[in-house]
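Here the structure comes first, spelled out in structure tokens, and everything after it is commentary.
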Amino acid sequence: MTTPDPRPTLAILISGRGSNMVAISKACLNGELDARVALVISNRPDAPGIQAARDMGIDTAVIDHKAFASREQFDNAMHERLAEVQPDWIVLAGFMRILTGDFVNRWQGRMLNIHPSLLPKYPGLDTHARAIAAGDLQAGASVHIVSPELDAGPVVAQVRVPIEPDDTPDSLAQRVLQEEHALYIKALQLCVGRKD
């Protein structure tokens with residue numbers, strides 16, 4: 001009889017290549033993060049991150065949002081799949097869908113998202129272009145608890161990245177992304193030890 005793994009479980013939601021998902025999964029495998037990834041879900045069947053997760057031996061699911069008539073139906077399908085593994089934390093890692101309030105409330109306090117700005121500055125899209133246009137000296141990324149209001153939940157951890165005089169939104173995005181992986185792992189280290 002196998003002993004159940006006592007570590008906190010994560011479910012990671014992705015839409016693309018899943019670079020943060022890969023970094024988090026590797027941190028779990030090498031012991032840097034005291035957790036295990038129980039499931040990776042993508043809303044896009046062609047997301048490269050799904051194969052990357054499979055290559056690491058992680059259970060995966062594809063729930064194509066285009067197959068559902070409404071946002072609520074898609075979120076219900078995701079909730080049902082997540083409920084099968086009962087994750088301690090749901091980690092949004094490049095998941096490009098806005099979740100309904102009902103879904104967020106079901107998992108309230110157990111969902112994390114990473115956003116490429118120093119929240120509360122620049123919620124939503126085009127964060128790097130907006131920071132450059134505002135003349136900011138710093139940009140960065142924030143890991144926050146997901147709330148029904150977009151990018152408005154409590155911040156768990158942030159990293160700051162200087163904005164260079166010749167930065168474009170793309171060059172700034174690349175430098176921020178380089179810091180995101182370590183930031184997400186740091187935020188999860190803070191969260192997985194929490195006892196609510």
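Since the model is a prediction, treat every value here as computed from it, not as a measurement.
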Minimal non-hydrogen separation, [X] against [Y], with atom names:
| X | Y | result |
| --- | --- | --- |
| Phe103 | Met111 | CE2-CE, 3.8 Å |
| Pro8 | Asp88 | CA-OD2, 3.2 Å |
| Arg71 | Ile98 | NH1-O, 2.8 Å |
| Ile145 | Trp89 | CD1-CZ3, 3.9 Å |
| Ile50 | Ser42 | CG1-CB, 3.4 Å |
| Ile185 | Ala27 | CD1-CB, 3.7 Å |

Treat each ILVMFWY residue as a node, draw an edge where side-chain heavy atoms are under 4.5 Å apart, and state whether [X] and [Y] are in one component.
| X | Y | value |
| --- | --- | --- |
| Leu183 | Val37 | yes |
| Tyr184 | Leu190 | yes |
| Ile14 | Val62 | yes |
| Leu33 | Met56 | yes |
| Val161 | Leu118 | no |

Polar side-chain atom of [X] near backbone of [Y] as donor-acceptor pair, under 3.5 Å:
| X | Y | value |
| --- | --- | --- |
| Thr127 | Pro116 | yes |
| Asn113 | Val146 | no |
| Arg110 | Pro87 | yes |
| Gln158 | Val143 | no |
| Arg130 | Leu125 | yes |
| Gln189 | Glu32 | yes |
| Arg106 | Gly101 | no |
| Ser25 | Met21 | yes |
| Arg175 | Gly140 | no |

**Asked** Can Arg7 and Asp5 be counted as an ion pair, charged N to O under 4.0 angstrom?
**Response** yes
**Request:** For residues 12-22, pull every pair meeting side chain to side chain donor-acceptor pair (under 3.5 Å), keeping only residues two or more places apart or in separate chains.
**Result:** Ser15-Asn43, Ser19-His181, Asn20-Glu180
**Request:** Before giving the answer on side chain to side chain contact (heavy atoms under 4.5 Å, CB included), spell out for Ile132 and Leu172 the whole-Å C-alpha distance, their side-chain angles and the decisive distance to 0.1 Å.
**Result:** CA-CA 9 Å; Ile132 291 169; Leu172 181 56; 4.1 Å; yes
Validation row: [X], [Y] side chains within 4.5 angstrom (heavy atoms):
| X | Y | value |
| --- | --- | --- |
| Leu13 | Val91 | no |
| Leu10 | Ile90 | no |
| Leu188 | Leu112 | yes |
| Leu39 | Thr60 | no |
| Ser142 | Ile114 | no |
| Val85 | Thr9 | no |
| Pro169 | Asp126 | no |
| His144 | Val156 | no |

**Request:** Assess whether side chain to side chain donor-acceptor pair (under 3.5 Å) is satisfied between Asp55 and Gln51, documenting all intermediate values.
**Result:** CA-CA 6 Å; Asp55 290 345; Gln51 189 57 51; 2.8 Å; yes
Straight-line distance of [X] [atom1] to [Y] [atom2], nearest 0.5 Å:
| X | Y | atom1 | atom2 | result |
| --- | --- | --- | --- | --- |
| Trp107 | Leu82 | CH2 | CG | 5.5 Å |
| Glu164 | Leu137 | CD | CG | 10.5 Å |
| His128 | Ser117 | NE2 | OG | 8.5 Å |
| Asn30 | Lys26 | CG | NZ | 9.5 Å |
| His65 | Met78 | NE2 | CE | 11.0 Å |
| Ile12 | Leu92 | CD1 | CG | 10.5 Å |

**Item:** Residues in salt bridge (charged side-chain N to carboxylate O under 4.0 Å, His left out) contact with Asp75, at least two apart in sequence or another chain
**Value:** none
**Any residue meeting salt bridge (charged side-chain N to carboxylate O under 4.0 Å, His left out) with Glu84, in chain and number order, not counting sequence neighbours** = Arg81
**Message:** Tell me whether Gln86 at atom CD has more than 12 heavy atoms from other residues, nucleotides or ligands lying less than 6.0 Å away.
**Reply:** yes
**Prompt:** Taking the six-membered ring for Trp, are Phe74 and Phe95 parallel (under 30°), tilted (30 to 60°) or perpendicular (over 60°)?
**Reply:** parallel
**Prompt:** What's the verdict on salt bridge (charged side-chain N to carboxylate O under 4.0 Å, His left out) for Asp136 and Lys121, showing C-alpha distance, side-chain angles and the deciding distance?
**Reply:** CA-CA 11 Å; Asp136 290 356; Lys121 280 189 164 187; 3.3 Å; yes
**Request:** Let me see the working for His115 and Leu119 under side chain to side chain contact (heavy atoms under 4.5 Å, CB included), right down to the final yes or no.
**Result:** CA-CA 8 Å; His115 182 73; Leu119 292 172; 3.5 Å; yes
